[in-house]
K.L.:
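Below: one structure in structure tokens.
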Amino acid sequence: MGDEDWEAEIIKPHMSSYVPVFEKDRYSSGANGDTFNRTPASSSEMDDGPSRRDHFMRSGFASGRSMGNRGYQDGNDSEASGSSRRGGRSSFRGCHGGFGLGSPNSEYEQDEGTQRTGGLFGSRRPALSGTGNGDTYQSRSGSGSGRGGYKGLNEEVVTGSRKNSWKSDAEGGESGDTQGPKVTYIPPPPPEDEDSIFAHYQTGINFDKYDTILVEVSGHDAPPAILTFEEANLCQTLNNNIAKAGYTKLTPVQKYSIPIILAGRDLMACAQTGSGKTAAFLLPILAHLMRVGITASRFKELQEPECIIVAPTRELINQIYLEARKFSFGTCVRAVVIYGGTQLGHSIRQIVQGCNILCATPGRLMDIIGKEKIGLKQVKYLVLDEADRMLDMGFGPEMKKLISCPGMPSKEQRQTLMFSATFPEEIQRLAGEFLKSNYLFVAVGQVGGACRDVQQTILQVGQYSKREKLVEILQNIGDERTMVFVETKKKADFIATFLCQEKISTTSIHGDREQREREQALGDFRCGKCPVLVATSVAARGLDIENVQHVINFDLPSTIDEYVHRIGRTGRCGNTGRAISFFDPESDSHLAQPLVKVLSDAQQDVPAWLEEIAFSTYVPGFSGNARGNVFASVDTRKNYQGKSTLNTAGFSSSQAPSPVDDESWD
Ligand SMILES: Nc1ncnc2c1ncn2[C@@H]1O[C@H](COP(=O)(O)OP(=O)(O)OP(=O)(O)O)[C@@H](O)[C@H]1O
């Protein structure tokens, strides 16, 4: 089957009965008992990853779409380990088999009793399962159009049924959904030995260049930045942990955020991908908890954490947890992580053993609160990582419910911290509901700008040539770690399968994969077993994986912010990286203008043809620093205020202008 036919299936909703044909023999004839399944694709599969644009246009939460799936399995782990990108038999640890109606992704975030496969219409076709070396895979593919599941850009999902009350979510909101198997996955505990806890990668050659980046602080009475860890006056244990983590020098976002948080101020911080935002909030929170003499958290049925950190994807929140565990090593502060796709009982067991810092995905957090395992009275810190994503239509309603939960201290009584590399204006406005009116805004470099350590290349590639081009690039790359982003879950499976056919060791991660499979895929990619990871936007944000040298946008995302996050998986912490994007004028023209802006801001070559397309699709109001409606370049309050302070990362900020009332821009 040619590219043409398959691509047509992706873009043409009316071609509902098309079935991609795989070369079955190439997969199933292996000696290792690989299994391969093929099922019909439904027309609505093309829309499995709604864009942010779509989110805003829909302005509702009842648009869960069907995403059927076909797949094959390679259950043989050892085979994957034995294969290299070129040569030998290729391995793909990606696709799970199966096809079923129903099963909105929202179940990923549901509780143990209700997290089932299947959808509203009861058409929970039993998942196809295959056995490799004893592993049984169950498909959760197929997102039903029932129950109004909302699929966010990163595919962690909020259900429409969660809309009404904070308690109904866990107590009754999903109670009708009782069919299908329970989620029983218990993630393996992370290694406990000190070497593993403090394992880290080296900062890159451009780490010192961070100091030259302009930093803008806006808001009233900003405390001065610090230049060294010593100035932060952290306790000895924290300093030891920082040293063991290999941190010798602060990054700009840390220089500014640490004193702001230590001074008790609310903060919205925007800094380029991979520049240390996680430590920028964890260190001052831990320092404060240590300073006030936190008591060791003990076994209790109801835990009352001092800090809640939320992030949009399971893999990201797990990563943040590992950072929290690292920096709190040797202290009495206990961090716990809970996220969807895992057994709820496991989450509860982790919590009841003691919990000072709770790292959670939104749905699981609300479930646990509903089950009254978490009390909110003691919350001093609420952290929204990838805050723009946490506040958009995908998670915004969930976050609003969180702050209005009984017991949750008001914004005046708690400290709210928001971090991201991108902050669209409309999201900044929403954030006002969560933050005290005198919050500080820190912008390191251009808000929404791409990391300059990533060399960006845009290639004009029509949809029918993409696969050929991808193989050509991957073959030139050799064994260097590469993330390939595609727009839909179905396509992620398809491309991963295709690359395996081309004898390129590949795995995949997307929202239709079981959590165990997602973690396995990430693990295989991290350790280099599979040097290519095909991903949807579920892996676009926050993931910090050593040695990702390349990002390839097989499909460009629908928004420029997502582009910035995706390419930020490489070029982290002063290391260099490359991003290659396939630009298809047929479908990507709307991105031409913001792409030109991002490229030129990051001092990258802008192809003449891209400029031409940008010019021909010119949108009035998009120019210079004002990024129109595409994304914000500033603290939105400045539209009302006037000035702010501008510094390089090496100098402390001076006096900031007066704050404005929430009302003026809410
Ligand atoms: N001061 C520092 N010195 C050395 N390494 C650091 C420092 N701060 C952070 N790092 C490391 O840099 C890497 C990137 O940090 P982090 O994941 O916090 O970036 P981020 O800004 O949150 O990125 P993203 O926007 O993609 O979420 C991590 O491996 C982290 O341990």
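One-based numbering, in listed order, for ligands and for the atoms of each. Reckoned from all heavy atoms, side chains included, excluding hydrogens, waters and symmetry mates.
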K.L.:
For the residue pair F281 and F419, categorise the inter-ring angle as parallel (less than 30°), tilted (30 to 60°) or perpendicular (more than 60°).
P.N.:
tilted

K.L.:
Got a sec, which residues hit salt bridge (charged side-chain N to carboxylate O under 4.0 Å, His left out) with R566, two or more places apart in sequence or on another chain?
P.N.:
E487

K.L.:
Considering only NZ, NE, NH1 and NH2 on the basic side and carboxylate oxygens on the acidic side, decide whether K277 and D544 come within less than 4.0 Å.
P.N.:
no

K.L.:
Between F198 and F329, is the gap from one ring center to the other below 6.0 Å?
P.N.:
yes

K.L.:
How about Y339 and Y321: are their ring centres within less than 6.0 Å of each other?
P.N.:
no

K.L.:
Can you list every protein residue that has a heavy atom under 4.0 Å from any atom of ligand 1, sorted by chain and residue number?
P.N.:
Y201, T203, F207, Y247, K249, T251, Q254, Q272, T273, G274, S275, G276, K277, T278, E323, E386, G542, D544, R569, R572, C573

K.L.:
Using a strict cut-off of less than 4.0 Å between a Lys/Arg side-chain nitrogen and an Asp/Glu carboxylate oxygen, indicate whether E426 and R429 qualify as a salt bridge.
P.N.:
no

